[in-house]
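The sequence lines fix the lettering, A, B, ..., with proteins before strands; numbering per chain opens at 1.
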Amino acid sequence: MKKIATGNKAVAEAVKQAKPDVVAAYPITPQTEIVETLADYITSGQLSSQYIPVESEHSAMAACIGASISGGRTFTATSSQGLAYMHEMTNWAAGARLPIVMTNVNRSLAPGWNIWVEHTDAMQERDTGWLQVYVSTVQEAYDTTLMAFRIAEHTDVLLPVMINLDGFTLSHIMQPLDTVELGNFIPPINLPNAVDPNNPGGYGTLTGPADYIRFRWEIERSMRDAFPVIKKTHEDFFKSFGRRYGFTEEYQCDDADVIVIALGTLGKEAEVAVDILRKEGIKAGSMRLRWFRPFPKLDLAGKDVVVIDRDYSFGFGGVVAHSIRAKNQMEVFSVIAGLGGQEVTYDDIAVFVRNRHIGEEFWFGVNNHV
Amino acid sequence: MNTIAEIPNEEYILKCTSACAGCGSLLTLRYVLKAAGPDTVLVMPACCTAAFQGIYPKTAFTVPVVNIAFGAAAACASGMSSLFRATGRKTKVIVYAGDGGTLDIGLQAMSGAFERGTDFLYICYDNEAYGNTGMQRSSATPLGAKTTTTPAGKPEVKKDIDAIIDAHEPPYQATACSSYPQDLFRKVQNALTFRGPTFIHVLSPCPPGWRYPTEKTVEIGKLAVKSGMWVLYEREYGKITINAPSKAAMKKPVALEEYLASQGRFKGIDSKTVEILKQQIQKDQDRLAAEEAAP
């Protein structure tokens, strides 16, 4: 069914169709519309989930953990400070192997108070064992949320999934949305080790070093096993609903001399910059990174690479730029742009490409050698 | 319940846990589980009991135990209870947390769960300090007690968590003590008959922390009640009943000095602090008695 929706509404619509048993959430700008919409669906009987209006994000994730460890499908949404406050429990969710699905509407971290888009909030969750995907359109937010439940709950994965959605530039903008008849695309949840008093055991008991490192390896093994599960889910989604997704979305990359890599809405904006540059005779392409954990293999051999990071690791560099440097054994032009909602247009992106300095780092709007 | 013989023989804690000799929490949990029975899940934050439950792949408890982060027990139990009730399961959800996990780091999550009417029983076993990390002060440590972070004795009075719980108007709340197993057993069974959040605050003496010989745990708990340092009572829909041992103690108390002298943690306590403790006890007793007498 075709409609018009915000990114937040699209996520809520997908969650409604995935029918979680429990939604536990705490409001935070710019995510609030998601949990408000879900509360409305539940109150009006359109969704039969239990809604737990917790007193904090730490408790939101803890409540999801309690419901998930007991065998239920769970969902929560957060952003920025909320995600940071939840951090202790995001580690717990992954360590306990619970397929919790969460939308994080990306927003900068205080101080100063700033409610606009930035990816550092999610990047700080990079090493927790959550799968991470970044979306760029309202349709993609909806489609990816549906796929997230299936991927998280797959027995080869059993890890939580975080869907990242740019604050305001995606959460609050309206675009066309084509909703699907879900059918049995998401199989019923069936967790193999759910809490059962008839088969009692200890969950998260004291664990010695030999077992602890084995459990950590099993998280990593499942991360690696997630690649084929994600690929198959993308394929089945295309077969069922006709929209194609990959680990990246590539635009004019095949013959490109220079490739722009970015996440979320900036990655989509880069496609317009590519069109401008191509008209000038610059063979540019855009490779928007969708899945960040597990981190996919990128084919970048022989190309100049411009990475736009809407995040930063202080004392080190842009997180995406570094990931590509390390995984592909190559130098890149690292652009730090869009922090705290700083406006970055396709014209700006075209300038980054024209004036690239491979091996250097450039802070947009701060130093101006580009 | 009149005699200890009426408490079921079934044990839900296996022998040879790594709890300290004379552990009051072990005694408390033993009777909590006897009263709750096998269709029970324990949600346990970081605490002494989490440390002596056994090391993977073994566990000393015969009901499922969900370990959870220090400040998150009540929220985790909320999610669990919500799912169980929505799917028609009657499994009892019991948070078993220490005084740190309840009065301090777990207070916000607990308040939230009580305010939301979560169907669960919250047991706080109170050893009046952070036992698992080696006896640092908590907000449950009494005035004048020495801990590793209050080597000169704690300068502040014990936080009244029961009054905080009372403000949430739960259908049932009680205090108990591991030295009175019949009373504890009855209160747990009673709490589990209510729908909604219930709370039992159990004084659970700690030999290494309170610095007394391991064989004295039951005796020390009884002295706490007899001296008035600990009052046994319960509130059902707000109506308070002070239990018989505390009624007797209010009429004819054992001298507080006897309780204080029984433990190394109060060694060298000055007479002014003892006087403040006595005034505090009298004030609490007067308040509870007046509440009971009120129509």
Q) What part of B:Phe61 is in contact with chain A, defined as an atom under 4.5 angstrom from a non-hydrogen atom: side chain, backbone, both or neither? A) neither

Q) Is any residue of residues 187-198 of chain A within less than 4.5 Å of chain B by heavy atoms, and which ones? A) A:Val195, A:Asp196, A:Pro197

Q | Least distance between heavy atoms, A:Val54 atom then B:Arg116 atom | A | CA-NH1, 3.4 Å

Q. Which bit of A:Val22 comes within less than 4.5 Å of chain B, counting heavy atoms only: side chain, backbone, both or neither?
A. side chain

(Q) For A:Glu181, is the CD atom crowded, meaning more than 12 foreign heavy atoms sit under 6.0 Å from it? (A) no

Q.
Can you list the residues of residues 11-19 of chain A that sit under 4.5 Å from chain B, counting heavy atoms only?
A. none

Q | Spacing of OG1 belonging to B:Thr87 relative to CG belonging to A:Asp21, to within rounding of 0.5 Å | A | 7.5 Å

Q. Just checking heavy atoms, which of residues 202-216 of chain A are less than 4.5 Å from chain B?
A. A:Gly202, A:Tyr203, A:Gly204, A:Thr205, A:Leu206, A:Thr207, A:Gly208, A:Asp211, A:Arg214, A:Phe215

Q: Please determine, among B:Val66, B:Val93, B:Thr118, B:Thr59, the option with the most heavy-atom pairs under 4.5 Å with chain A.
A: B:Val66

Q: Search all heavy atoms of A:His58 against all heavy atoms of B:Ala72 and return the closest pair with its distance.
A: CE1-CB, 3.8 Å

Q) Got a second to check how far B:Ser82's OG is from A:Ile52's CD1, nearest 0.5 Å? A) 4.0 Å

(Q) If you count every heavy atom of other residues, nucleotides or ligands that lies below 6.0 Å from A:Tyr26 atom OH, does the total exceed 12? (A) no

(Q) Below 4.5 Å, heavy-atom pairs only: which of A:Cys64, A:Ala60, A:Ala63, A:Ser68 has the largest tally toward chain B? (A) A:Ala63

**Q.** Taking every non-hydrogen atom, the tightest pair across B:Phe70 and A:Glu88
**A.** N-OE2, 4.4 Å

**Q.** Donor-acceptor side-chain pairing of A:Glu55 and B:Ser111 below 3.5 angstrom
**A.** no

(Q) Non-hydrogen contacts under 4.5 angstrom with chain A: give the residues of residues 37-56 of chain B involved, or none if there are none. (A) B:Pro38, B:Asp39, B:Thr40, B:Val41, B:Ala50, B:Ala51, B:Gln53, B:Gly54, B:Ile55, B:Tyr56

Q | Region of A:Met89 in contact with chain B, defined by heavy-atom distances below 4.5 Å | A | side chain

Q | Enclosure of A:Glu220 CD (heavy-atom neighbours >12, cutoff 6.0 Å) | A | yes

(Q) If I measure from the heavy atoms of chain A, does B:Arg89 come under 4.5 Å with its side chain, its backbone, both, or neither? (A) side chain

**Q.** Max heavy-atom pair count under 4.5 Å with chain B, selected residue of A:Ala96, A:Pro53, A:Ala24
**A.** A:Pro53

Q | Euclidean distance, B:Arg85 CZ relative to A:Gln50 CD, rounded to 0.5 Å | A | 11.0 Å

Q) If you draw a 6.0 Å radius around CH2 in A:Trp113, do more than 12 non-hydrogen atoms from other residues or ligands fall strictly inside? A) no

Q. Taking B:Thr91, B:Val63, B:Val65 one by one, which has the highest count of heavy-atom pairs under 4.5 Å against chain A?
A. B:Val65

